[in-house]
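Below, each value reflects all heavy atoms present in this structure, side chains not excepted, and no hydrogens, waters or symmetry copies. A note on names: the letters A, B, ... follow the listed sequences, proteins ahead of strands, and every chain is numbered from 1.
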There are 2 protein chains.
Amino acid sequence: MAKEPASAPQRRPLTLRDVSDASGVSEMTVSRVLRNRGDVSGATRERVLAAARELGYVPNRIAGALASQRVNLVAVIIPSLSNMVFPEVLTGVSEVLEDTGLQPVVGVTNYSPEREEKVLYEMLSWRPSGIIIAGLERSPAARAMLENAGIPIVEIMDVDGTPVDNAVGISHRRAGRHIAEAIIAAGYRRIGFLGTMMPHDHRARKRLEGFEEALAAAGLHVEDREFYSGGSALLKGREMTEAILARSPDLDFLYYSNDMIGAGGLLWCLHHGIDVPAKVGLAGFNGVELVQGLPCHLATMDACRLEIGRKAAEIVAGKRLDGVTSGLVIELEPKLEPGDTIRRV
Amino acid sequence: MAKEPASAPQRRPLTLRDVSDASGVSEMTVSRVLRNRGDVSGATRERVLAAARELGYVPNRIAGALASQRVNLVAVIIPSLSNMVFPEVLTGVSEVLEDTGLQPVVGVTNYSPEREEKVLYEMLSWRPSGIIIAGLERSPAARAMLENAGIPIVEIMDVDGTPVDNAVGISHRRAGRHIAEAIIAAGYRRIGFLGTMMPHDHRARKRLEGFEEALAAAGLHVEDREFYSGGSALLKGREMTEAILARSPDLDFLYYSNDMIGAGGLLWCLHHGIDVPAKVGLAGFNGVELVQGLPCHLATMDACRLEIGRKAAEIVAGKRLDGVTSGLVIELEPKLEPGDTIRRV
DNA sequence: TTCTCGGCCGTTAACGCTAACATGCCACAG
DNA sequence: CTGTGGCATGTTAGCGTTAACGGCCGAGAA
């Protein structure tokens, strides 16, 4: 870490050369000291470090990366930062990458395939040493870029599909089925769905598909549905709940595509004296921390966000015991957290 | 944007040379085409683009940056991604940078000065063309690095202090005073404070200082306080509110250091039938979207997050009409949003 | 004594690209 | 017919660093 340099702000940016001049050794030796690589005597090491600190020298990784053909960056490409799920995945990634010398670099696609393509291209142009990217669905061009990148790729969040290389995630289809079965088992029969309109949120779509499959298997179906896009999810949850119950007052269960709108719905029900879970049951998805703060715990399903981040990072960092960095598919098991909004049977 | 290449995954990574060979022109011409710079005839342009697409070539920005001494990256260094405030700032930054060719790169410090130093060093080693960094308080080493970087620096969120170069933010001290005055004007007298324990959240500290100043000026003081660290803020808000009201049942106002714990407190009060705002008034800080989803609107103060991100990005991008990129201090005015949790006078 | 060997440090040649300049060509003016 | 200027392209020389190798020197082995 650089300490404050004694010199005034310089015009010409500092190079290894400046440090080498200041310490009377070759640039190569300075480079060795700064990277802790190769043999350097304790005395010169000290001298070089002192000079570097004195000058406030910060190595130029651009030149370093070009010369060494190595870049310590891992691209992490996610759809959004406002959906708390993704910062949590990032936390898992950072944790594992922390002591590997690798560094995550985040790109955000806003659920747009075009932006994903652009972000990916941009990222690849920095020649990262690995890519962690959300989802399995992408444009042919994006897929081709991943296939040709020649670095470890990990597609995360989802395993319902064909990964380019590795995948770490849960089966959203199965998660949807699972919760539907729990709802049916609890005796609910007239079921409504509330979700987002985003056509590119494939995971929400798959959950709904799995959900409907399980209902169908029990001779049931989604009786009414309500969609939204944009805005405060919590508020939308309130509004949508009001709307769907006004339209279909007989519904006895509301399944929300995420916890945030679920929480809004729950607050609305509580505020309007609706008996949860006796008269109406509720469930969301993701297991976000927020639901723990509500007066009544929303049923939800943990999406294993932290673990997904960790496992993905382990793969790109080559940290797995078996050393495998290609062709892996790791399916995690989301746990149903019944909370207080599903009847106990 | 690259389309899918016909070739199989190559061993040797592609270079300009491969494209130049494939299209029968010099590397320089390929470079010109790919960067849209200099004169190239329409015919060769097409030929080159076709070859590049065919091969799936992605330019190597590392080499490009080294040769041109220009890097299209802007480092954005923030304390956290889980506090929704920062993703929102990022949104503002991205919006403005979108059509400038610049790209934000995020670094997270977790409110730790040591990590900030490390992240900053790391970022500087990529020679970004600008830095946007949260807060004004930092280690001497970090400050020195900023001073010597020789690029536009914008310190954001806060203007109560001495910026290294530019600053865009609000005065948290003044914001604290402002809300205290509103509380006093509404007739509240026995005031409690609930906040975070983080010693490095200087902005929360300054708000509290301003808050206490204004109370003192009116002959009042904070009668009780409650601190937390970590965990679900919403849940903590509930618990802390219960604790402080159990200990000091006479309090008639609770000031929360952020909206999240404020929301938890509000939910607790509503759930326990406490008359808000008649018996107890509440206020938070930040104006996060979430509060709009609550059954009753928490009083809050907008921290101008989006605007801060935009203005900061405009400075580093040299987008200001006056062209100034140095020595600016832009103070934004946070608006008090009284909501439903402060008595109307 | 000579020979090896390992620790320490320097030299050279890339890495893949672009700035700057050079070149060839053609149209058009004189 | 020659000169001139602009367009289209090529050539050269780095950018700041590191890989690879080479050299020197002193200590211990033969």
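- Atom OH of Tyr57(A) is separated from atom P of dG16(D) by 10 Å (rounded to the nearest Å).
- Under the 3.5 Å distance criterion, with hydrogens and angles disregarded, a donor-acceptor pair is assigned to the side chains of Asn36(B) and Arg45(B).
- Of the residues near DNA chain D, Ser26(B) and Val30(A), the one whose nearest nucleotide (by heavy atom distance) lies more toward the 5' end is Ser26(B).
- Atom CZ of Arg37(A) is separated from atom C1' of dA20(D) by 15 Å (rounded to the nearest Å).
- Residue Arg61(A) is out of contact with every strand shown, counting any heavy-atom pair closer than 4.0 Å.
- Within 4.0 Å of Asn60(A), counting heavy atoms only, lie sugar-phosphate atoms of the nucleic acid but no base atom.
- Counting non-hydrogen atoms under 4.0 angstrom, Arg70(B) reaches the backbone sugars and phosphates but no base.
- Across all strands, Arg32(B) comes closer than 4.0 Å to base atoms (heavy-atom distances).
- When the nucleotides dT11(D), dC15(C), dC17(C) are ranked by their closest atom to the side chain of Met28(B), dT11(D) comes out on top.
- Closest to the Ser31(B) side chain, of the nucleotides dT18(C), dG16(C), dG10(D), is dT18(C).
- Taking only side-chain nitrogens and oxygens, Arg47(A) never comes nearer than 4.0 Å to OP1 or OP2 of dC9(C).
- Atom CZ in Arg35(B) sits roughly 9 Å away from atom C1' in dA19(C) (whole-Å rounding).
- Residue Ala67(B) has its side chain nearest to dC15(D) when only dC15(D), dT18(D), dG10(D) are considered.
- Using modelled atom types, no side-chain atom of Asp158(A) and backbone atom of Gly135(A) make a donor-acceptor pair closer than 3.5 Å.
- When the nucleotides dG16(C), dG10(C), dG10(D) are ranked by their closest atom to the side chain of Thr29(A), dG10(C) comes out on top.
- A donor and an acceptor atom, one from each side chain of Ser112(A) and Thr109(A), are nowhere located under 3.5 Å apart.
- Counting all heavy atoms, side chain and backbone alike, Val58(A) lies closest to Arg127(B) at O-NH2, 2.6 Å.
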